[in-house]
There are 2 protein chains.
Amino acid sequence: MSAVPTTSKPAPRRGRPGYDQDAVVAAAVELFNRHGYEATSMGMIADRLGISKSAIYHHVPGKEQLLEVALDRAISELEAVLDRPAARERPVDQRLEYVLRAMVGVLVDELSNVTLLLRVRGNTPMERRAMERRRAFDHAVADLIEEAAKSGALRSDLQPRVVTRLLFGMINWITEWYRPDGPLRREELGDSVVAIAFDGLRPRG
Amino acid sequence: MSAVPTTSKPAPRRGRPGYDQDAVVAAAVELFNRHGYEATSMGMIADRLGISKSAIYHHVPGKEQLLEVALDRAISELEAVLDRPAARERPVDQRLEYVLRAMVGVLVDELSNVTLLLRVRGNTPMERRAMERRRAFDHAVADLIEEAAKSGALRSDLQPRVVTRLLFGMINWITEWYRPDGPLRREELGDSVVAIAFDGLRPRG
DNA sequence: GTCTATACGGAGATAGAC
DNA sequence: GTCTATCTCCGTATAGAC
């Protein structure tokens, strides 16, 4: 249903060599994350790629589509997590644990695009559409947490909504510091998130 | 030592009525948080205040100082937390708990300014100075966490650096969703953060 | 403390050549 | 697929009147 084709064709392109849409979008996303979307000019993207401003318009109709392609990719990957069998066919507490780990995985794999998604403020209709999809995803995970709390798998003295926000904080903030070329692997990161979320830092007696 | 005076004079100003620096900065910060610093124009700030662009230059030498005043205020409040007696003169685990709660308090009290601080990307020397102060604060809290881990007050199977990042995520992300006019009070929020951080979500048997 | 008028550069986007 | 040239609008900042 998305208006933006992902253009992920692994087949070698024919014709004159040069950039394809994915490469242009990737360069744009890096700059959007550094300077903000609105403050990033087409000239900056062109300089980064070593081509002229107008050449970008061959790959994409305008600046906003550069953002839209990246946001669509990020939110689609997150949505896909909830459709996986492991996120649907288990006891609630195991489903929640799986989803938290999977969210960390998507964040790491799609770090730039998800970073961009999390920074969108809803200043245009397109941004609001992306935020709405994100909000639906957040709600689905919140429902999972509430279900787990009602089943007795989670402590009952905390508000599920607040818990959801705080867990999302732990995970979403990963985009602000994680570096794929660093020493920490995604699996260890997921383990740490789950460890704190379920058991906390105090040693168990 | 900051180059930017805070201009917090509660005494009524004399002379011609109009805005003072604090009011101009407050309006600017709201817009910076919505559109990003670079994408916010002096014209947008002027429109918000109902004055002309050039009138702003009476209160502040330029756009960058609007940012600097806000960042200085945010980081100063955070730094002050670590100087409080309660953050220095107790067992490490109690000091850590106090600091986490106090960070939540500062975030809530200085929500707009701290939000802005957390979104700075280091694109100018001034932004990098603010980030350096923030980094020093983060390091001080990280040292506290490491000290608590070594003393046995925290479990030893998690890397203190990763723990620090995840705890900062829970807290810093509060700027993305907390609304002061909402039903959740700062004390409850601090309690929830501490509860998850130390004990996690699993019921204790 | 605020205004109007203006300087000057850079923004997104298009036309049309190669 | 990329280029140069150009359109039109908006950016920060300044000068000087009230």
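In this text the structure is predicted, and so the values were computed from the model without any measurement. Lettering follows sequence order; numbering is per chain, from 1.
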Does [N] have OP1 or OP2 sitting under 4.0 Å from an N or O in the side chain of [X]?
X: Ser54(B); N: dC3(C); answer: no
X: Ser41(A); N: dA11(C); answer: yes
X: His58(B); N: dC3(C); answer: no

| field | Distance-only polar pair, side chains of Gln159(A) and Ser192(B), donor-acceptor under 3.5 Å | value |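 Not at all, the side chains of Gln159(A) and Ser192(B) share no donor-acceptor pair under 3.5 Å.
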| message | Pairing donors with acceptors under 3.5 angstrom, does anything connect the side chains of Arg186(A) and Tyr178(A)? | response |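 Side-chain D/A pair, Arg186(A) to Tyr178(A): absent.
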What is the distance, rounded to the nearest whole Å, between atom [atom1] of [X] and atom [atom2] of [N]?
X: Met42(B); N: dG9(C); atom1: CE; atom2: P; answer: 20 Å
X: Glu38(B); N: dC10(D); atom1: CD; atom2: C1'; answer: 16 Å
X: Tyr37(B); N: dG11(D); atom1: OH; atom2: C1'; answer: 12 Å
X: Tyr19(A); N: dC3(D); atom1: OH; atom2: C1'; answer: 15 Å
X: Ile51(B); N: dC3(C); atom1: CD1; atom2: C1'; answer: 11 Å
X: Leu49(A); N: dC3(D); atom1: CG; atom2: P; answer: 10 Å
X: Ile56(A); N: dA13(C); atom1: CD1; atom2: C1'; answer: 12 Å
X: Glu64(B); N: dG11(D); atom1: CD; atom2: C1'; answer: 16 Å

Of the nucleotides [options], which has the atom closest to the [X] side chain?
X: Ala55(A); options: dC3(D), dA13(C), dT2(C); value: dC3(D)
X: Lys53(A); options: dT2(D), dT14(D), dG12(C); value: dG12(C)
X: His59(B); options: dC3(D), dT2(C), dC3(C); value: dT2(C)

| Side chains of Phe168(A) and Glu176(B): closer than 4.5 Å at any heavy-atom pair? |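 With C-beta onward as the side chain, the pair stays apart.
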| said: Under a 3.5 Å distance rule, please check whether Asn172(B) uses its side chain to pair with a backbone N or O of Leu118(B) as donor and acceptor. | reply: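 Not at all, since once roles are kept as given, no pair shorter than 3.5 Å links the two residues.
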